[in-house]
Amino acid sequence: MWELVSGQAGPDEGRRLTMVMEQLDELYREVILDHFKNPTHSGELADAQVKAEGNNPLCGDEMAFHLRVDNGHIQQVRFRGKGCAISQAAASMFSQQLEGKTVPEVFRLIEAMKGLMQGQEPDPSLDLGDLEALAGVRKFPVRVKCAALSWNVVEQGLKEYGERSEVRRQQSDRTKSGL
Ligand code: ZN
């Protein structure tokens, strides 16, 4: 796609595109550093329905997420982590997007982030907020795992939560039907 555009537009257009990317990178860097220095949603939730943790052994990043889920909505999010700036900033940016979303909406966001890391343009109807700054990370495959740690942990936690809820629902159905 990019090759096609720059090929048709000539070398000047290609250079202009490179300059734009460099400027974007500067902006991305600032957003990432700001979240790293002043993370949002840092902490723990004693009454969380979802508690999940994971690590990225390639870099030594560690991450734990607590989510309070009520009536299918993410009510509150907190995280605790250790590691590099990308992993910790990603957790802060990702947390910002979770509160108020339904569980299926969170899965949709996670798919969009996985796609973004592979160079796919996200659905324009999805608001990624500051997470868009992580698009710059995909040029560095080793750092993609740092960024992805947060949504991999939350995805795992929500899947386990979904399975537990399904088991409870089946048990209560059996009780109601007297089996
Ligand atoms: Zn890292």
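Whatever order the structure lists them in is the order used to number ligands and atoms, beginning at 1. Any value given below was found using the heavy atoms of this structure, including those in side chains, with hydrogens, waters and symmetry copies removed.
Less than 2.8 Å away from the Zn ion (ligand 1), the protein contributes these N/O/S atoms: Cys59 SG, Asp61 OD1, Asp61 OD2, Cys84 SG, Cys146 SG.
Applying the side-chain hydrogen bond (donor to acceptor under 3.5 Å, both in side chains) criterion to Asn152, with sequence neighbours excluded, gives no partner residue.
Note that CG of Leu98 is 8.0 Å distant from NE2 of His41, once rounded to the nearest 0.5 Å.
The closest donor-acceptor contact from the side chain of Arg138 to the backbone of Leu116 lies under 3.5 Å.
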Please tabulate, for the side chains in residues 79-89, all donor-acceptor contacts under 3.5 angstrom to protein atoms that are two or more places apart in sequence or on a different chain.
residue	atom	partner	partner atom	Å
Arg80	NE	Glu44	OE2	2.8
Ser87	OG	Asp61	OD1	3.3
Ser87	OG	Cys84	N	3.4
Ser87	OG	Cys84	O	2.9
Gln88	NE2	Lys82	O	3.0

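Residue pairs that meet the salt bridge (charged side-chain N to carboxylate O under 4.0 Å, His left out) test with at least one member in residues 88-98, sequence neighbours left out, do not exist here.
Looking at Asp130, Asn38, Thr40, Asp34 one by one, the single match for side-chain hydrogen bond (donor to acceptor under 3.5 Å, both in side chains) with Ser92 turns out to be Thr40.
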